[in-house]
Amino acid sequence: SSWSGPEPLKHFPFHVKATQKLVCETEQISAVDFEHDHSTSLKRERKLDGRKSPKNKTTSIQLSVLDRLKLEHLGVDETTLLKYLQKTSASTSIDHVISCITALIEITGVGGSTINAILFKYPYLLNADVSMLQNSVAFLDGLGLEKEETLRILAHHPRFPDHDLQELRLSVKYLLSIGLSAEDVLLVLKKRPQALNATAEDVRYTIESLLEFGVLVKDLTRLMVKVPDLFSPSLRENMRSRLGFLKEVGLYGGALGKGIARRPNLLQFDLDCMKQAYDYLSEYISSTDVSRLVRRFAEVLLIDPKRKMV
């Protein structure tokens with residue numbers, strides 16, 4: 001009798017060997033997926049086990065009924081507090097925590113959700129010295145900042161209380177002495193308060209170097225905002241040699257400040273690499289045209305020999 005079932009496989013468009021290859025590849029992919037899922041599962045289990053592990057517990061503070069009532073009055077519940085304390089020192093006492101939160105509320109004049117937002121951003125404030133916190137807020141208030149602006153600095157840059165206020169005062173005094181307005185200094189503190197977390201000596205050295213090589217005073221505010229690590233020791237190293245090279249190749253006067261503000265890594269990029277980029281461009285256009293190009297697009301000094309932007 002004749003076969004009435006499906007046609008033999010050889011009459012179908014998929015060849016047997018191709019089908020076997022497809023099945024093999026599918027099994028390999030499934031194995032990879034299984035290994036990936038299994039690895040992910042193990043990582044998840046380790047993470048969960050780590051959370052449960054006593055070694056990872058950073059605090060074992062026991063809250064009394066009175067402590068809970070105090071926290072509730074301050075607007076911070078027990079669950080929220082424990083989350084904050086898990087990120088802080090295990091030696092933090094509940095009395096110190098309550099004194100810090102109380103000081104924050106008294107200093108800033110706010111509480112509730114705002115204090116919770118600050119602690120969520122920087123729970124280490126619970127370890128802060130209350131007097132340092134008070135002095136930092138008093139310093140900002142003395143510069144003419146409104147309460148809301150002071151709170152914004154603490155919320156977005158809660159490490160501000162760790163700054164050396166004596167060095168900060170000297171830096172502010174120096175910036176005012178070279179022609180920056182009080183509004184300019186306040187703008188830097190509001191947008192990049194960490195920029196002035198440096199010694200007054202580093203601030204003076206960097207600013208004098210920039211001015212010496214043609215950066216305009218009016219561009220300094222933009223630089224401090226755009227390059228928050230402008231006064232760091234890493235940038236101070238070889239700064240004058242970098243500035244000298246940038247000036248030689250066409251960045252001088254206002255173009256230098258604007259070029260650095262547009263591409264801050266000009267102050268960090270390897271000097272030899274920038275020289276190679278300049279030489280590379282000089283092979284195709286005249287040195288005059290290279291200088292014009294650099295003045296308009298300083299970032300061309302960050303290209304590699306293959307014309308790929310860094």
Side-chain angles (χ1 to χ4, degrees), residues 107-110 118 121 132-236 239-240 242-244 246-247 251-268 295-296 298-299:
I107 292 170
T108 60
V110 300
I118 294 175
K121 176 74 175 180
M132 290 177 61
L133 188 60
Q134 292 172 331
N135 292 337
S136 297
V137 174
F139 170 78
L140 294 172
D141 288 345
L143 292 176
L145 287 174
E146 299 292 335
K147 284 288 185 184
E148 293 77 9
E149 295 171 330
T150 298
L151 281 174
R152 193 173 295 112
I153 289 177
L154 288 177
H156 294 139
H157 306 279
R159 293 187 181 275
F160 188 82
D162 296 335
H163 292 189
D164 188 327
L165 294 183
Q166 181 60 29
E167 294 291 336
L168 191 52
R169 288 190 182 93
L170 293 174
S171 297
V172 170
K173 183 178 180 181
Y174 170 72
L175 293 174
L176 293 174
S177 71
I178 62 172
L180 288 181
S181 66
E183 290 74 17
D184 290 332
V185 176
L186 288 178
L187 179 63
V188 175
L189 285 172
K190 286 188 286 187
K191 290 193 172 185
R192 292 286 190 272
Q194 73 272 32
L196 293 177
N197 186 21
T199 66
E201 179 185 354
D202 284 339
V203 172
R204 179 184 292 272
Y205 175 87
T206 301
I207 294 297
E208 288 181 350
S209 298
L210 292 169
L211 294 176
E212 178 183 340
F213 285 93
V215 175
L216 304 179
V217 172
K218 66 177 184 179
D219 290 325
L220 291 176
T221 303
R222 182 196 303 193
L223 282 178
M224 287 185 282
V225 171
K226 290 280 189 178
V227 193
D229 59 342
L230 182 64
F231 306 117
S232 65
S234 60
L235 277 186
R236 175 171 175 166
M239 172 170 281
R240 287 181 178 271
R242 284 192 179 92
L243 291 173
L246 293 173
K247 184 177 180 180
L251 282 176
Y252 48 85
L256 180 56
K258 293 176 182 177
I260 296 173
R262 190 167 60 246
R263 295 290 293 200
N265 49 346
L266 283 170
L267 290 177
Q268 301 169 311
R295 281 181 63 82
R296 188 168 182 180
E299 49 267 37

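Here the structure is a predicted model, which is why all the values come from computation and not from measurement. Along the sequence shown, the residues carry numbers beginning at 1.
Counting heavy atoms from C-beta on, the side chains of L210 and T206 come closer than 4.5 Å. Between N197 and D162 the shortest side-chain heavy-atom distance does not fall below 4.5 Å. Inter-residue side-chain proximity for D219 and K258 is flagged as met; some heavy-atom pair is nearer than 4.5 Å. Two residues are said to be in side-chain contact when any heavy atoms from C-beta on lie closer than 4.5 Å; L230 and L267 meet this criterion. Contact check for Q134 versus M132: no side-chain heavy atoms found under the 4.5 Å cut-off. In this structure, L140 and I153 have side chains that are in contact, with non-hydrogen atoms separated by less than 4.5 Å. Inter-residue side-chain proximity for R236 and E201 is flagged as met; some heavy-atom pair is nearer than 4.5 Å. Annotation: side chain of Y174 is in contact with side chain of E208 (closest heavy-atom distance under 4.5 Å).
Closest approach of E149 to L145, counting heavy atoms only: OE1-CD2, 3.3 Å. The nearest pair of heavy atoms linking D202 to F231 is CB-O, 3.6 Å. Taking every heavy atom of both residues into account, A298 and L251 meet most closely at CB-CD1, 3.8 Å. Between K191 and V225, the shortest heavy-atom contact is CD-CG1, 4.2 Å. Summarising the geometry of P193 relative to H163, their closest heavy-atom pair is O-CE1, 3.4 Å, with the distance given to 0.1 Å. Between E167 and A198, the shortest heavy-atom contact is CB-O, 3.8 Å.
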**OP:** Dump the intermediate steps for side chain to side chain contact (heavy atoms under 4.5 Å, CB included) on T150 and F160, then the final yes or no.
**Re:** CA-CA 10 Å; T150 298; F160 188 82; over 6 Å; no
**OP:** I would like to know whether D184 and V188 meet side chain to side chain contact (heavy atoms under 4.5 Å, CB included); could you show each step before the answer?
**Re:** CA-CA 6 Å; D184 290 332; V188 175; 5.9 Å; no
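Put simply, CE on M224 and CG on L196 are 6.5 Å apart, with the number rounded to the nearest 0.5 Å. Note that the CD atom of E183 and the CG atom of L186 stand 7.0 Å from one another [nearest 0.5 Å]. From I178, atom CD1 reaches atom CZ of R204 across 9.0 Å, with rounding to the nearest 0.5 Å. Rounding to the nearest 0.5 angstrom, the gap separating the CZ atom in F139 from the CG atom in L189 is 6.0 Å. The OG atom of S177 sits 10.0 Å away from the CD1 atom of I207 when rounded to the nearest 0.5 Å. Note that the CD atom of Q166 and the CG atom of L170 stand 5.0 Å from one another [nearest 0.5 Å].
E299 and R263 are not joined by a salt bridge, as no carboxylate oxygen comes within less than 4.0 angstrom of a charged side-chain nitrogen.
The side-chain contact (heavy atoms from CB on, under 4.5 Å) test with T221 singles out one residue from V185, L175, L180, and that residue is L180.
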